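Scroll down for the structure; my scribbles are underneath it.
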Amino acid sequence: MNTRAIARYNVTDSEAKWQQAWEQADCFAVREDPTRPKYYVLEMFPYPSGRIHMGHVRNYTIGDVIARFKRARGFNVLHPMGWDAFGLPAENAAMAKGVPPGEWTNENIAVMRAQLKGMGLSIDWGREIATCHPEYYRHEQKMFLDFLAAGLAYRRESWVNWDPVDQTVLANEQVIDGRGWRSGAPVEKRKLSQWFFKITAFSDELLSALGTMDRWPEKVRLMQHNWIGRSEGARIRFRLGGRPEFDGDRLEVFTTRPDTLFGASFCALSPHHPLSARLAEGDAELLAFIAECDRLGTSEEAIETAEKKGYDTSVWVEHPFVAGQRLPLYVANFVLMEYGTGAIFGCPGHDQRDLDFARKYALEVVPVVLPPDADAATYELGDEAYLGDGLMINSDFLDGLDVEAAKSAIVERLHEHGDGEPEIQYRLRDWGVSRQRYWGCPIPVIHCPDCGVVPVPEAQLPVLLPDDVAFDQPGNPLVHHPTWKRVDCPACGGAAERETDTFDTFVESSWYFARFCSPRADQALDRAAADYWLPVDQYVGGIEHAVLHLLYSRFFTRALSRCGYLDLDEPFAGLFTQGMICHETYRAPDGKWLAPDQVRRGSGGGVVTLDGQPVTVGRSEKMSKSKANTVDPAQIIETYGADTARWFMLSDSPPDRDMDWTEAGVEGAFRFIQRLWRLVTESLDDLPAGPGNGAPPELDARAHDLRRASHKAIAAVTDDVERFRFNRAVARLYELSNAVADFEAESSAERWALREAFEVLVRLIGPMTPHLAEELWQRLGHQTLLVDEPWPTADAALLVDETVTLAVQVNGKLRATITLPRDAEDDAAQDQALAEPAVQRAMGDRAARKVIIVKNRVVNVVV
RNA sequence: GCGGGUGUGGCGGAAUUGGUAGACGCGCCAGACUCAAAAUCUGGUGACCGCAAGGUCGUGGGGGUUCAAGUCCCUCCACCCGCACCA
């Protein structure tokens with residue numbers, strides 16, 4: 001009867017209203033403006049899989065907070081959105097449901113666009129792009145032709161990683177633990193003709209620039225560093241002997257340890273080395289050995305357990321500096337054809353693999369580097385190779401030098417004799433971009449039986465994907481299309497065939513950030529726009545692209561610059577990698593995974609199925625379909641609103657760490673939204689009439705304290721947002737709202753301070769919960785949109801307290817706290833500290849031997 | 001194996017960069033309102049001893065430096081991530 005109805009904030013209506021208001025005012029449309037500082041915020045664009053997931057919500061919330069914050073701080077902010085729209089799932093859907101991939105993709109885009117708009121993101125939707133549209137990929141085809149002309153794209157036959165499930169080739173970066181990054185199927189080796197991008201032309205640049213990218217996470221830079229894998233060493237040519245047909249032939253070897261050459265006791269070839277094949281002709285035993293190596297595979301377990309094995313070819317090589325010393329030449333299973341020259345010299349003393357090998361085949365082990373604490377007369381090697389520094393021994397003209405000096409000395413001597421030279425090797429391989437798929441950008445070349453590979457003339461671009469393809473047989477539908485690939489050769493006019501491979505979809509995502517600068521331009525990139533907006537000031541996305549997309553984009557930016565499209569080295573000045581969203585996992589009694597909405601809390605506190613069956617609760621893991629532990633963001637937004645989802649995303653967990661999604665956490669966030677709304681709406685009568693606040697009146701002490709709290713919050717939240725410490729910013733905003741809630745304004749000065757506090761609070765939550773902030777801004781009496789308001793500035797004078805609380809310790813143990821005027825004299829602090837009863841008790845009858853005073857902080861009495 | 005990271009209450013996490021450990025939130029407990037529940041509000045909440053005042057312990061384990069250590073150094077342990085026969 002008397003229950004007072006608690007007024008509620010109608011989230012759904014309010015959020016729709018403000019989204020419409022922003023759209024009508026076209027708030028987020030931007031254009032180049034040389035008079036204002038620009039700021040380009042970009043989140044990794046989504047693949048249109050059908051619905052947004054929690055990872056998107058976190059990604060776009062983080063980006064949106066930054067975009068809105070920078071906007072309020074006066075930057076001309078570019079914050080676009082688009083679709084990484086080519087890819088295999090569209091073909092799978094076509095096979096499963098008979099929907100054409102283009103149609104499926106466009107429908108998904110429509111759904112996801114609406115879902116993203118429901119998040120209230122400050123996106124300039126006028127710049128939306130989808131990479132599957134010819135208006136986008138036609139430019140990519142032109143880029144390819146330019147890369148081809150510049151020698152940055154080429155075709156060669158090579159061993160490739162073949163994904164038997166996706167029926168396509170994968171780049172090295174896309175093979176994770178020997179499996180396809182998307183399908184998870186064990187990768188097979190196949191030999192195919194492939195298009196490559198010459199990323200290795202930039203190995204050194206891509207590596208050295210990492211050192212200057214101070215706004216990238218150390219971790220990502222390190223991963224790229226290791227991926228590029230630069231090794232300094234030498235190429236050494238050994239003379240082959242032992243069979244007349246090899247006289248005069250040389251064996252080339254790469255080593256990072258030329259200094260250990262005098263310790264060499266054998267050389268070894270990869271089973272795939274051309275010389276191995278030659279030797280195997282007429283040597284059935286060697287042929288069998290090579291086949292055995294192939295069978296072993298390259299999976300990590302196989303490598304882990306594989307024994308070092310070799311086959312003595314009975315051919316030998318001559319040591320370049322020791323006349324008459326012959327090193328036996330083996331074919332060995334641990335030598336990779338993909339690295340260096342596919343051949344090594346073995347120095348067992350200073351390489352563990354070589355030592356294992358030497359022990360197995362009873363080869364000589366000669367130490368050539370003497371550890372600093374060892375005695376040259378007695379030093380011997382056991383089962384562990386010595387990898388450290390020291391002085392050279394048993395090494396002729398190198399004796400007595402340290403390792404570094406020995407390296408230079410021997411390389412110089414090798415060079416003089418024409419037996420070798422310094423060389424730098426990289427682990428990085430060129431990027432294979434051919435994919436045997438339909439739903440990708442066609443590679444614009446034509447294969448002519450007479451002219452060979454002929455680029456499609458520019459005037460004939462774009463090469464459009466056909467719409468009428470059938471998915472009734474395995475493999476690439478473009479190959480099976482009745483007419484598409486038939487074409488006249490642009491060179492000779494004869495019958496020819498189009499390339500049926502399409503680009504790896506990482507090609508589209510390697511330049512989309514640049515297209516956003518001029519998304520409707522006739523040419524690929526409008527230079528003026530690109531020069532104004534690029535580089536991206538803040539890029540936000542998942543760590544899973546640490547080497548894939550982020551390395552390809554860095555390469556592409558350089559390649560585009562070399563071809564005159566851009567004048568830029570690095571595309572992303574700042575990078576932030578967010579953590580993953582995790583959730584508890586649930587299993588039914590029969591072992592099946594259960595989704596969060598298939599379980600509930602039972603009466604006994606345990607988790608049960610909806611019909612009461614006991615559920616096993618597993619640990620929190622990354623949300624994934626396979627574990628069924630996903631929560632649909634659309635439902636969360638429908639129930640609680642976008643602001644609640646955003647606020648929860650930002651609370652508690654630092655954004656770079658994994659976070660747990662919990663129902664309780666969402667409800668807590670929702671309560672805060674409601675509480676803040678109530679707090680403001682119920683206080684309106686106590687506030688001086690709005691909008692805004694004039695100059696501060698004469699303030700009493702309480703008003704002054706509140707004012708100080710407001711300004712401290714401004715300073716802290718500004719700093720926290722600037723440094724991606726959103727969880728701390730959230731805590732600050734809770735503190736301010738608690739202070740406001742506890743405050744009873746009694747005087748007009750206090751009412752003034754209360755209004756200021758409210759206005760500050762509403763402005764500060766603006767980037768995080770934009771709908772609620774607009775709603776409250778309006779209720780505070782403003783006619784303007786909060787989104788157009790500048791960020792508040794803190795009054796520096798209000799950030800320091802007049803009094804401070806000092807800790808008083810006795811022998812380092814806290815015994816009391818004392819309150820003093822800021823910057824009080826040390827004597828005063830000491831007197832007051834020693835007068836504390838608790839301090840006297842702790843001191844007993846001992847006298848202070850020393851008193852350490854840190855101003856405004858601590859007094860430590862040492863007895 | 002190599003490289004990197006993390007470890008703080010029941011939980012997520014703070015800690016001015018060597019100066020009051022546990023901000024803020026979640027959860028939990030108690031109380032108010034209610035016939036009751038929900039919602040809301042108020043108070044409490046690291047552990048142990050104690051009626052209390054108060055005290056002892058406490059940031060993965062062990063050791064050290066310091067007037068003072070979550071923070072610096074050494075060492076060990078656990079978990080996570082990346083790379084992996086790279087010559």
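Nothing here was measured: the structure is a model prediction, and the numbers come from that model. Per chain, numbering begins at 1; letters A, B, ... match sequence-line order.
- At least one side-chain nitrogen or oxygen of A:Lys813 sits closer than 4.0 Å to the OP1 or OP2 atom of B:C57.
- When heavy atoms are screened at a 4.0 angstrom cut-off, A:Arg815 is found touching the sugar-phosphate backbone but no base atom.
- Syn is the classification of B:U17, since its glycosidic angle stays within 90° of 0.
- The nucleotide B:U40 finds its pairing partner in B:A32, both defining distances of the Watson-Crick or G-U wobble pair being shorter than 3.5 Å.
- Considering only side-chain N and O atoms, A:Tyr734 lies nowhere under 4.0 angstrom from the phosphate OP1 or OP2 of B:G25.
- Side-chain N/O atoms of A:Arg427 include one lying less than 4.0 angstrom from OP1 or OP2 on B:A84.
- Using a 4.5 Å heavy-atom cutoff, the side chains of A:Phe648 and A:Thr662 are in contact.
- Taking only side-chain nitrogens and oxygens, A:Ser231 comes nearer than 4.0 Å to OP1 or OP2 of B:A87.
- The side chain to side chain donor-acceptor pair (under 3.5 Å) test applied to A:Asn856 returns A:Asp823, not counting sequence neighbours.
- Within 4.0 Å (heavy atoms only), A:Thr817 reaches at least one base atom of the nucleic acid.
- Rounded to whole Å, the separation between the P atoms of B:G18 and B:G9 comes to 23 Å.
- Checking B:C85, B:U20, B:G25 against the side-chain heavy atoms of A:Lys308 singles out B:C85 as nearest.
- The side chain of A:Arg675 contributes no N or O atom lying less than 4.0 Å from OP1 or OP2 of B:A39.
- Residue contacts for A:Thr341: at a heavy-atom cut-off of 4.0 Å it reaches no nucleic acid atom on any strand shown.
- Residue contacts shown for A:Asn738 are limited to sugar-phosphate atoms, with no base heavy atom under 4.0 Å away.
- Looking at heavy-atom distances under 4.0 Å, A:Arg657 makes contact with sugar-phosphate atoms alone, never a base.
- For B:G9, the base adopts the syn conformation, since its glycosidic angle falls within 90 degrees of zero.
- When the C1' atom is compared between B:G43 and B:C33, the two are found 15 Å apart, to the nearest whole Å.
- Counting non-hydrogen atoms under 4.0 angstrom, A:Val854 reaches a base of the nucleic acid.
- Counting non-hydrogen atoms under 4.0 angstrom, A:Ile852 reaches a base of the nucleic acid.
- Salt bridge status for A:Asp801 with A:Lys712: present, with a side-chain N to carboxylate O gap under 4.0 Å.
- A sub-4.0 Å separation between OP1 or OP2 of B:G12 and a side-chain N or O of A:Asn727 is absent.
- Between A:Arg353 and B:C86 there is a side-chain N or O to OP1 or OP2 distance below 4.0 Å.
- Contact annotation for A:Gln809: base contact, defined as any heavy-atom pair under 4.0 Å involving a base atom.
- Ring pair A:Tyr330/A:Tyr361 is tilted by interplanar angle, where 30° to 60° counts as tilted.
- Between A:Arg728 and B:U16 there is no side-chain N or O to OP1 or OP2 distance below 4.0 Å.
- Residue A:Arg235 is out of contact with every strand shown, counting any heavy-atom pair closer than 4.0 Å.
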